[in-house]
Structures are given as C-alpha cells and as structure tokens.
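Just below is one structure, and these are the notes that go with it.
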There are 2 protein chains.
Amino acid sequence: MMNNTPVTLKFLAEKLKMSVSTVSKALNNYPTINEYTKQRVQEMARDLHFTPNKSAINLKEKKSHIIGIILPNLLDHFFTRSIYGVEQFATQNGYNVIISQSHDDLEKEIQSANMLLRSRVDGLIVAISKHTQDFAHLDQFENMGIPVVYYTRNPSFNLSCHKVLGNTFQGCYQATKFLIDRRHKKIAYLGGPKMINFTHDRFNGYINALKDNQIPFSSELVAYTDFDKENTISAIKNLFANPENMPTALVAFKEPILFDAIKYLRSINHPNFDKIECIGFGNTSFISYLDSPPIASIEENPESVGENAIKLLIQLINKEIDIQHYQKIMVDCKLIVHG
Amino acid sequence: MMNNTPVTLKFLAEKLKMSVSTVSKALNNYPTINEYTKQRVQEMARDLHFTPNKSAINLKEKKSHIIGIILPNLLDHFFTRSIYGVEQFATQNGYNVIISQSHDDLEKEIQSANMLLRSRVDGLIVAISKHTQDFAHLDQFENMGIPVVYYTRNPSFNLSCHKVLGNTFQGCYQATKFLIDRRHKKIAYLGGPKMINFTHDRFNGYINALKDNQIPFSSELVAYTDFDKENTISAIKNLFANPENMPTALVAFKEPILFDAIKYLRSINHPNFDKIECIGFGNTSFISYLDSPPIASIEENPESVGENAIKLLIQLINKEIDIQHYQKIMVDCKLIVHG
DNA sequence: TTGTATGCGTTATCAG
DNA sequence: CTGATAACGCATACAA
C-alpha cells in the first residue's frame, strides 16, 4: 500500500499523458476543460488518493486559510467553549484554526505569536496573558496587514484595537438586581484581581444595581482575591467579619472562587449559612453536584463571544471593515437560575 | 507603520544589493558567509521585521514541522491535560501542534483528517470518535508515509497500529484492592459504554483484584452506563436493588458518572449512604467542593500519556523506529487518596 | 566568499 | 479545449 513517490499534479499528468495545467484545471472544474477529460482526471486523482499540498497553494495564493488563536489556557471552560463558537463559523468559511496556549506566560505568548506569523495566518484572535503589557509581538500582525481581534482579555487602556468582550457589567448588574428582588439588603461583592479590568466592570454593575434600587453601599461588603485559595478565604473572612453588617447574599467574580467561599463558610458553620444566596460568573455543569449550590449563575456565553470574534475577524480579512476602523463588540450575559 | 510590499529574501537582497542566496545563507548562519555580511543582513532583517514564510520552507523541505492532533472534545480535561504533555515535547523538538476536535462525530473526524493531510503534517496523534469503525481516513496517513499514533481511544481489535494507552486495568485493580484492604466485601463496578474497550479492561482489573483476594464475584454488583444521566441512574438502581447483596463500595468508570451515582444515592436517602466508599477514574479538582466526595481517585496521568504519544511519534518521524514495527505503550495510573 | 540556477507543488496567463 | 511558462518564497548544489 505504501507509495513513496508523492502524488502531485505532475505525477498525475505523467500518468494521464497530459499537461500539469490541464490536470489542475480539471480538478478545479474549469469550464474550459472537456467533460470527458475532467472525468478521467478526477477518477485518476481519486484512485491515487491525490491530496493537494496546502503549502504550495498558500505560497501561490498568499493566503493560508488559517486563523490563529492564542489563549491562556485550555483548562478553563470559558476558552474551550469559545473555541467552539470560533470553529463553527471558521469552518463554514473555509478557514482552519490553530490554537496555541500561552499558559499565561508572556514568553510563551510571544513564541506562539511568532509561530503563527511564520505560518502566515490570515487573522488572529487573542486573549492576552495576565502579564502582557507590551504588544510588539501582536502589533507585528497589523503591521503586516493581518487583522487581530482581542477577545475577553484585552489591553483595556488601548482603544486602537478590535475587541469582543462579554458584557460583564450587565451580567453583574442583573445578578445583583436579582438578589435585590429577592429582598436582600446586604449583598457582598467578591472581585477578582484588581489588575483585570473585568473586576471593575463587574463592580460597577454591582454598585449601579444597588444605587438604582436605593440599597445603601457599604465598603465592608466588597473584597478582592487573586484566585489563590488562601487569598480568597481571607477576603471572605473580611466580608463576613462584622456581625452588625453581615451579608445575606454574595456575588462572586468567578465560580471557582465562589465555591471556595461557600466551602469556607460551611466549614466555619456560619450561622445563617443555609440562608445565604450566592451567584458567580461561569455556570459550570458541576453545580448540580453541589450540596449548597449557588442560586444562579451568570452565563457568559463564551460560544457567542467566540462567534462574534471570528465574524468580525472574517469581515476584517475580507476588508468589509477597514482594519483601522476599530470595533468594540459586547456580548450580553444571561442569568441562569438553578433548581 | 503599515508596509505593503512583503519583506521577503528577495526584498532584503535588493535593499542590500546582494543575491537572494547570500541573504538566505547569512540568515541561516552558513559558515561560508563573511561575518560582516552576516551582520549586515541580520541587522536589516531585524529592522525590516523579516519573517520567513513557512509555506515556502515546507514546500522546499517537504516537511511541515507540524504535528496534528485529532481528539473528541476539548471540554474533557483528560484531553486538554494530554495536550499539555504533547506540546511540551513537541515545542522542544521544533514542532508546532494543530488541534482538531471531532466532537465524537465521524464526519467531522474525516474532515479534520483531510485538512491535516492537506497541511502535510509530519505526524498525527489521534483519539478516535465513539463512532469510528472504518479507518480509511486515518490509514491515508500511513500510506503516505506519515506516522500515526493512536492514544487512549483506539481501534482495539487492530494490532497494526501504534498505541499509547492508560493502563486502566492496573488502575482499576489498584482501586479495587484499596477498597478490599479497607475491608469491603461488596464492591460494585459501574462500567462505561460496552463498545469502549476500556470498559472491559477496567472490569478485568476489578475482577482480578477480587479473585486475587478471595472476594466472591457477584454479577448483581456490575452494571453499565453510556454516560447518559438517566442511564446511569437506572444502572445504579440495579446495583443497589437487592437488600441481601447491598454494595458498600463502588468503583466507577469515570468521575462524572460517579457523581451522578452519588447524587442519586443521596437523593433517595440510601440507609448506609455515609458508609459507602467510592472511587472513579479522573481526579477532578472539583472533588474538594463535594460534600460526599469519593474516597480516592484513579489519576490517569494524561500529561504522561500525551508525552509518550509525542515521543513515540517523533521517533517514528525520525525513523528511529520502523513505521511497520507497531508499538504499544501503557502508562500506569495512580491512586490518589483524598482528604 | 558570493552568485546563478533549479526545484518544491500549485495556479494563472497567454499562446496555440 | 489544451499546453507551455512564469511566479509564489525559500534553500541548496554548483559555478565563479
């Protein structure tokens, strides 16, 4: 079965005693080629398992039909779900996707970027690492005319780039409002790392919901964690420190830290543990296995974020949108009430 | 900043008034090139942000430096963790990785395979879909001399392929032995879909552990599920149906179904619920949030499975192992006791 | 030490 | 309708 001369157009042409160009045209269904010739060529191609060499085509067409994605981590379901949205639409439009993880390491992110640049991807979708401050490795793409769409994690201060983001303000507003409607007066907010702009967007959603509903704000009910478990626990301790100002509800930046919080509160036998109602960003399927599950989840619709990113990117590739005409797209969250 | 003439070797050569080949050699540090010339070329290349075009190199070298991976699903942490093992070693050896999900759909798997074939990957690592019975789309690779390593999910009946597998027999044996050592006499086994060969390997581990320790086997203590929640619950019902033969411990094919089982047993207020000790394959970090967690987990070491797969693949690519000399590598599991 | 020529596999232009 | 030829960007054998 093993064939060592590669099956190329030339090889087919020799077999068929025709020219390479005729074979090429026949396979690409050129109208000028005789039907019978087409049939002969296509049959031979099938029999010999001819597979066009993408590198040759890329070189010729100056187009790779590849979209690059750089993201921090495939263990985070937000990202894997977002890939699903990207893939769907990319495939429909004849693009393949190369995924590269930065593991939240800048050096690795730079390497990934360079690799994708050498591969001459037609466009790039990127969620930057925690430590990305300098963007030279990503700016290269735009300098070569390759569009870049930042999604989720993006350079918040920079307006000169295309962005697709979850509307995390709206999500947090909605969650807080939901708790207010359930008659909670003392709603705590547990934020993420202060460097991440989402932390503040969500805080703004929280505080605006309070304000719009005449619930007084108390700074004792706000704390931050950098995702580290110890850190989360000390934040939670602070939130529940003052017996005069005890929260009855909690909105958390992300479900994993919410679970840590819940676990801690139960471990100390918090008096009103059963009454406390919690909501976090995420909506893990795992929730159904918890004994004291959050009352609701803020679903960030990662598939939709991914889909919006790829749609924008393809418009940029097709020059339906000018690359300099920077876009910002917000994808709404949805509150999912459990049970 | 935006440059529209692409920076190629030719472009550099013109700027430097040298020939393309000198530029090429200078950039590749040929010993025959004058030091000063090298410097000039390399400096210019840096200043103009020259990036070699991978398609051109692939075409020339007949090598893509790309490894393809086809796997069912990125939402399963077994696979994302295995990717980590692959990436590490691939990068070290100058290979990039293209990941493609089949979503357990044969049609999608075929498309992925064809895409990777057109990309002329240098090797393929694949975990087949649930429905893959015919292997023509994967056999193509070997026919073209491109090595294929099956990992985890593989054509069990077929000995003529390279395989890297978790030693799931050993893992299940060890888990069962652990429960026996804790004085359990009635240990139930909840298996996965019967089509998957791992189901039977694990069952064999279970039954051998029983036999080796003179624990009588009872077919009432064995049931199967296809991962569907309803299905899992009815399997569990059967396992716990006979009051004369009530299990006190349970070994499950995978943690998600184990969690469904635990949830069900609690929901019916099973009399000895607190006493039942469970073990599943997986070792999700989520376990720490459960109220009634499994007593232990069978860690399948996916990173190591991935690493073994890529190591074997690279040996095959380098022809250090003959492609026809089919290998089978087993990666041991490890029992992780919780709490 | 540098330059010229060729070819990798494909598409496209133009001539026949 | 078919074929010869050039070009895409790069590496390399060979010539100078």
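Proteins come first, then strands; the chains are lettered A, B, ... in the order of their sequence lines, and each starts at number 1. Since this is a predicted model, take the numbers as computed values, not measurements. The basis for the numbers below is simple: all heavy atoms, side chains too, and nothing from hydrogens, waters or symmetry mates.
For the pair Tyr30(B) OH and dG3(C) C1', the computed distance is 14 Å after rounding to whole Å. Summarising the geometry, the separation between NZ on Lys25(B) and P on dA16(D) is reported as 14 Å, rounded to the nearest angstrom. Residue Glu61(A) contributes atom CD, which lies 15 Å from atom P of dC8(D) at whole-angstrom precision. Remark: C1' of dT1(C) and NZ of Lys38(B) are 11 Å apart, rounded to the nearest angstrom. When rounded to the nearest whole Å, the span between CE of Met18(B) and C1' of dC10(D) equals 15 Å. Note: CG (Asn58(A)) to C1' (dC10(D)) measures 14 Å, nearest angstrom. Atom CG in Leu117(A) sits roughly 15 Å away from atom C1' in dG9(D) (whole-Å rounding). The separation between Ile33(B) atom CD1 and dG3(C) atom P is 8 Å, rounded to whole Å.
Note on Tyr36(B): nothing from the nucleic acid sits closer than 4.0 angstrom, heavy atoms only. Counting non-hydrogen atoms under 4.0 angstrom, Thr22(A) reaches a base of the nucleic acid. Counting any heavy atom pair closer than 4.0 Å across all strands shown, Ile57(A) reaches sugar-phosphate atoms only and no base atom.
In terms of position on DNA chain D, the residue among Asn53(B) and Pro31(A) whose nearest nucleotide sits closer to the 5' end is Pro31(A). Heavy-atom distances to DNA chain C give each of Val20(B) and Arg120(B) a nearest nucleotide, and the one nearer the 5′ end belongs to Val20(B).
In the set dG7(C), dG9(D), dT10(C), the nucleotide with an atom closest to the side chain of Leu59(A) is dG9(D). Each of dG9(C), dA5(C), dT13(C) was ranked by its minimum atom distance to the side chain of Ser21(B); first place goes to dA5(C). With dT1(C), dG9(C), dG9(D) as the choices, the nucleotide that has an atom nearest any side-chain atom of Thr37(B) turns out to be dT1(C). Relative to the side chain of Lys62(B), the nucleotides dG9(C), dT10(C), dA11(D) differ in distance, and dG9(C) lies closest. Taking only side-chain atoms of Ser19(A), from C-beta outward, the nucleotide of dT2(D), dA12(C), dG3(D) with the closest atom is dG3(D). Taking the side chain of Asn34(A) as heavy atoms from C-beta on, and the options dG9(C), dC1(D), dA11(D), the nearest nucleotide is dC1(D). Here dT11(C) is the nucleotide among dT11(C), dA11(D), dT10(C) with the atom lying nearest to any side-chain atom of Asn28(A).
No side-chain heavy atom of Lys311(A) sits under 4.5 Å from any side-chain heavy atom of Ile329(A). At least one side-chain heavy atom of His137(B) sits less than 4.5 Å from a side-chain heavy atom of Thr132(B).
One can find a donor-acceptor pair under 3.5 Å joining the base of dT11(C) and the side-chain atoms of Lys60(A).
The 12-atom threshold is not exceeded at OH of Tyr36(A), counting heavy atoms of other residues, nucleotides or ligands nearer than 6.0 Å. Heavy atoms from other residues, nucleotides or ligands lying under 6.0 Å from NZ of Lys38(A) number more than 12. The 12-atom threshold is exceeded at NZ of Lys63(B), counting heavy atoms of other residues, nucleotides or ligands nearer than 6.0 Å.
The minimum heavy-atom distance linking Tyr326(A) with Leu159(A) is given by the pair CB-O, 3.8 Å.
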